[in-house]
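Remember, predicted model here, so these are calculated numbers, not experimental data. By convention in this document, chain letters (A, B, ...) are assigned in the order of the sequence lines, proteins followed by strands, and residues within each chain are numbered from 1.
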Amino acid sequence: MLKKKTSSLTFTVVAFLLATALSAMAAELFFKKGSLSTGIADVGFNSFLGYMGKMLLSPYMWLGVLFYFLNFIVWITVLSRIDLSLAYPLSGLTYIGITFASLIFLHEKISFLRWVGVLFIAVGICFLANSADKKVAPL
Amino acid sequence: MSLKIFLLIAFRGICSAYEQLLFKRGTNSLDSQEFKGASGFFRFISLILRMPRIWLAFLVIAIGWTVWFVVLSSADLSLAAPATSMEYIAILGVAYFLLKENICRRRIIGALLVLIGICFLAVS
């Protein structure tokens, strides 16, 4: 059963997409911090249980979980409005935001390779946005 | 990149794709037009959280995380690009083959360009 649906990129959808990617990045950052705080590198069969135990006790890991839950709430809202094949690649938008934010607010030097990446993402998003408005015919 | 890490990343990619499939099937079962404003938003979220398939997705996420924590502990910065690429391909495959989304050529080109861009960022 397929309902008639449109995949239009409204302001709300774009704002939610940005919120999705930012919360995902915060979660990843906290997971990485949690992983570092265990002091265990290269987990294998023997160290796995000890590693997971330490992870579960790490407040960073739980902050990560909290951000992931926020991420879920925003993402599920995006998915209720546009196709998965459109929403998922569109989250590349964040990387552009992050690059300009670190240039403007943190005065970081952006490498040439990074600008090339940003350019690819920007052109890609133009293509994606152009594929958005098509009405999806029921199969 | 060792074989162990590669297999773990591939497994995590499959978990991500399965999560997204369950999420999208969940939202597809509701009509988004019915949920307007803030009260509609909360009603939507509470309906979503009552779906068994969403809880299955949470379980898959927990498994995916466990695997990802192990990958993170090996602390290799070059992993971001292959991990992202695998997730992209798996998720687009799911959207096309299982969700029967109408993927036009423009969308494929757009997704590939974004993927190439992210790989550039990952190595820079």
- Query: Angle class for the F58(B)/F69(A) ring planes (parallel below 30°, perpendicular above 60°, tilted otherwise)?
  - Reply: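 Tilted, since the angle between the ring planes falls between 30° and 60°.
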Strictly distance-based, threshold 3.5 Å: is any side-chain N or O of [X] a donor or acceptor partner for the main-chain N or O of [Y]?
X       : Y       : result
E101(B) : D83(A)  : no
Q20(B)  : L84(A)  : no
R106(B) : N130(A) : yes

Is it the side chain or the backbone of [X] that comes within 4.5 Å of chain A heavy atoms, both, or neither?
X       : answer
L92(B)  : side chain
F35(B)  : backbone
I61(B)  : neither
L115(B) : neither

- Task: Mind ranking I116(B), V114(B), V94(B) by heavy-atom pairs under 4.5 Å with chain A and telling me who comes out on top?
- Result: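 The option with the most such pairs is V114(B).
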- When G26(B), A57(B), C119(B), A111(B) are compared by non-hydrogen pairs under 4.5 Å with chain A, the top option: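 Of the candidates given, the most pairs with chain A belong to A111(B).
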- Message: Looking only at the aromatic ring of each residue, does the gap between the centers of Y68(A) and W65(B) stay below 6.0 angstrom?
- Response: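 Aromatic pair counts; centres sit under 6.0 Å.
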Test of understanding: clusters of I, L, V, M, F, W, Y form through side-chain heavy atoms closer than 4.5 Å, transitively. Do [X] and [Y] belong to the same one?
X      : Y      : value
L18(A) : V74(A) : yes
F30(A) : M52(A) : no
L99(B) : Y18(B) : yes
I14(B) : F97(B) : no
L57(A) : V65(A) : no

- Once you round to the nearest 0.5 Å, how far does NZ of K24(B) lie from CH2 of W75(A)?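 That separation rounds to 9.0 Å.
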- Item | Approximate separation, where rounding is to 0.5 Å, of R107(B) CZ and L86(A) CG |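 Here the interatomic distance stands at 4.5 Å.
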- Item | Y95(A)/I118(B) under side-chain contact (heavy atoms from CB on, under 4.5 Å): CA gap, chis, key distance, verdict | CA-CA 8 Å; Y95(A) 296 94; I118(B) 290 174; 3.5 Å; yes
Below 4.5 Å, heavy atoms only, C-beta onward: do [X] and [Y] meet side chain to side chain?
X       : Y       : answer
S85(A)  : Y96(B)  : no
I54(B)  : F72(A)  : yes
F23(B)  : V78(A)  : no
T66(B)  : Y51(A)  : no
L113(B) : I121(A) : no
T27(B)  : T77(A)  : no

- Task: Using a cut-off of 6.0 Å, state whether more than 12 heavy atoms not belonging to F41(B) lie near its atom CZ.
- Result: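 Check passes, neighbour count above 12.
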Option that, when pairs with chain B are counted at under 4.5 Å, heavy atom only, ranks first among [options]:
options                           : result
L113(A), I125(A), L119(A), I76(A) : I76(A)
V123(A), L79(A), I73(A), V118(A)  : L79(A)
T99(A), L90(A), I96(A), V116(A)   : V116(A)

Given a strict heavy-atom distance threshold of 4.5 Å, which part of [X] is in contact with chain B: side chain, backbone, both, or neither?
X       : value
W115(A) : neither
F112(A) : neither
Y88(A)  : both

- Message: If I compare all heavy atoms of L121(B) with all of R114(A), which pair ends up nearest, and what's the gap?
- Response: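 Looks like CD2-O, 3.3 Å.
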- Task: Identify the two heavy atoms, one from S80(A) and one from F44(B), that lie closest to each other, and give their separation to 0.1 Å.
- Result: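 Nearest pair, atom of S80(A) first, then F44(B): CB-CZ, 3.5 Å.
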